[in-house]
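To keep things clear, I will list the structure first and then write my remarks on it.
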Amino acid sequence: MNAVAGLRRIGLPRLIVHLSVLLICIIWLIPTLGILVTSFRDPAQITSSGWWTAFSSASQTTASRLADPSAARQEGPNYVISGSVFEAGQGGTVRAFGTRVAAPGEFQAGQPADLGEGETLTVNEDGSYTYTKNGPFESERGRRVYLTIATPPTFTTQNYNTVLTSQGIGQSFVNSLTVAVPSTIIPILIAAFAAYALSWMEFPGRALIIAMVVGLIVVPLQMSLIPLLRMYNEIGTFFGVPSRSYAGIWLAHSAFGMPLAIYLLRNYIAGLPKEIIESARVDGASDFEIFIRIVLPLSFPALASFSIFQFLWTWNDLLVAMVFLGTNREQLVLTGALNALLGSMGGRWEILTASAFISILVPLIVFFALQRYLVRGLLAGSVKGG
């Protein structure tokens, strides 16, 4: 009985943890699912209903105008106008109709509506209508009616076609790769050397440098961006380097990512077994040989985990790219090109959602290729130190 009770005590917390993880995954997946569904929906349905109603008929209110009185025909003592409230190519099912904008669903489809003054209007579900009056129609224009229309769910790939076939998207994709790949490799190479020096080499001021690195992590990018740009422009002018170049954005991304890279890699490298480093030194290996042959291969999980963060940040960046590269079409990154497709108001949700999935394609490939090292590298760097 005690053993069973012990198992129950152990099993309950584990069940709670599993349920909590499942709940977090669902919370994260629901918005992603909404973006995916919206990216395949028709623009008219996106504005009229939420993505969770995408697989059912969507209701929207529209206005239509009946035929002109000149089209009326006399049937006995009455005058009748008939036709369809739908325009050519328009479809759907009429659920209700009305003659006032304040009450667009005042009358049910298929039921005659008494409009007063001897007028009767019937709008059927297929859009056909019969407008009857006990005398000649006196107005010069057709009567305006308001319709509540249920349209079947419509899915299309036109949103993706619009994004992929837009001018400059291919070049901007290459520009993003040109920015992201070097901006990921450069800080990793520099930070790896610095992390080894701060972990296993004795020199004056090492603790102060470590404290400065930790302090630089919290410096906001927006606060240091303009001073960094001014300094880069002054140095570039002195050496004759243009201000709008890939070299500038590589250095900027490397500078902003360096403190976090040094911090993560230093914690990981400092936690490596001390006996391995000492044995290599006894055998006559230099610090450079120890770093290249021993430390670097053992630190691959930490390098991979930081690579994921750095690549995601540089790939999705827009602010730094616009500051250091500008908005020239030949150097515009993918996020900038997709942002231009939205227009000045940014209300084209079908373009926004399709662009989102196109832009995350490469980061997803990088993440799934390196994700097995992510947790191992982060946990090792967070619980070990030297």
Side-chain angles (χ1 to χ4, degrees), residues 17 21 24 179-221 224 250-317 362-386:
V17 171
V21 173
I24 293 174
V179 171
V181 174
S183 298
T184 302
I185 296 176
I186 293 174
I188 288 179
L189 291 178
I190 300 176
F193 282 100
Y196 174 79
L198 294 175
S199 301
W200 296 104
M201 297 177 65
E202 297 291 340
F203 55 89
R206 187 180 71 164
L208 179 61
I209 295 177
I210 295 175
M212 290 178 59
V213 169
V214 175
L216 288 174
I217 296 177
V218 300
V219 176
L221 180 149
S224 57
W250 292 342
L251 294 175
H253 280 309
S254 299
F256 290 125
M258 196 78 67
L260 179 61
I262 295 175
Y263 176 76
L264 290 178
L265 295 179
R266 188 262 171 188
N267 286 352
Y268 187 92
I269 293 175
L272 295 176
K274 185 177 181 181
E275 293 77 9
I276 299 178
I277 308 297
E278 293 178 347
S279 299
R281 287 175 176 170
V282 170
D283 293 338
S286 63
D287 285 318
F288 183 77
E289 292 174 337
I290 294 173
F291 173 76
I292 295 297
R293 298 182 180 181
I294 298 176
V295 174
L296 202 59
L298 293 178
S299 303
F300 188 77
L303 297 174
S305 62
F306 175 75
S307 298
I308 295 175
F309 288 121
Q310 182 70 1
F311 186 86
L312 291 178
W313 173 51
T314 55
W315 179 266
N316 294 320
D317 171 71
V362 174
L364 281 178
I365 295 175
V366 173
F367 175 79
F368 285 113
L370 301 176
Q371 60 89 21
R372 66 178 182 272
Y373 303 105
L374 177 61
V375 177
R376 186 169 29 155
L378 291 179
L379 292 181
S382 62
V383 299
K384 296 181 180 180

Taking it one step at a time, do Ser299 and Leu272 satisfy side-chain contact (heavy atoms from CB on, under 4.5 Å)?
CA-CA 9 Å; Ser299 303; Leu272 295 176; 4.2 Å; yes

Separation between CH2 (Trp313) and CG (Leu260), nearest 0.5 Å, reads 10.0 Å

Do the non-hydrogen side-chain atoms of Trp200 and Asp287 ever get within less than 4.5 Å of each other?
no

Grab the two heavy atoms, one from Ala197 and one from Arg206, that are nearest each other, plus how far apart they are.
O-CD, 4.1 Å

State which residues pass side-chain contact (heavy atoms from CB on, under 4.5 Å) with Pro297; sequence neighbours excluded, sorted by chain then number.
none

Taking salt bridge (Lys or Arg N to Asp or Glu O under 4.0 Å) as the definition, give me every residue that meets it alongside Glu278, ordered by chain and number, with sequence neighbours left out.
Lys274

Roughly how far, to the nearest 0.5 Å, is CG of Leu296 from CG of Leu298?
9.0 Å

Heavy-atom nearest pair, Arg266 first then Leu198, reads NE-O, 3.8 Å

Closest contact, heavy atoms only, Thr184 versus Ser307:
CG2-O, 3.9 Å

List in chain and number order the residues that pass side-chain contact (heavy atoms from CB on, under 4.5 Å) with Val219, two or more places apart in sequence or in another chain; answer none if no residue qualifies.
Leu216, Met223, Ser224

Minimum heavy-atom separation for Pro363 to Trp315, with atom names?
CG-CD1, 3.4 Å

Applying side-chain hydrogen bond (donor to acceptor under 3.5 Å, both in side chains), can you list everything that pairs with Arg293, at least two apart in sequence or on another chain?
none

With sequence neighbours left out, write down each residue that passes ring pair (Phe, Tyr, Trp, His ring centres under 6.0 Å) with Trp250, or none if nothing qualifies.
none

Which atom of Ala261 lies closest to which atom of Ala191, heavy atoms considered
CB-CB, 3.5 Å

Can you list every pair that meets ring pair (Phe, Tyr, Trp, His ring centres under 6.0 Å) and has a residue in residues 271-295, with sequence neighbours left out?
Phe193-Phe291, Tyr196-Phe291

Spacing of Ile290 atom CD1 and Ser279 atom OG [to the nearest 0.5 Å]
10.0 Å

Side-chain heavy atoms of Val295 within contact of Ile277, under 4.5 Å:
yes

Interatomic distance, OH@Tyr263 vs OH@Tyr268, rounded to 0.5 Å, equals 16.0 Å

Can you tell me how far the NE2 atom of His253 sits from the CG atom of Leu221, to the nearest 0.5 Å?
8.5 Å

Interatomic spacing from CD1 in Ile269 to CG in Leu303 - rounded to 0.5 Å:
7.0 Å

What are the two closest heavy atoms between Gln310 and Pro187, and how far apart are they?
NE2-CG, 3.7 Å

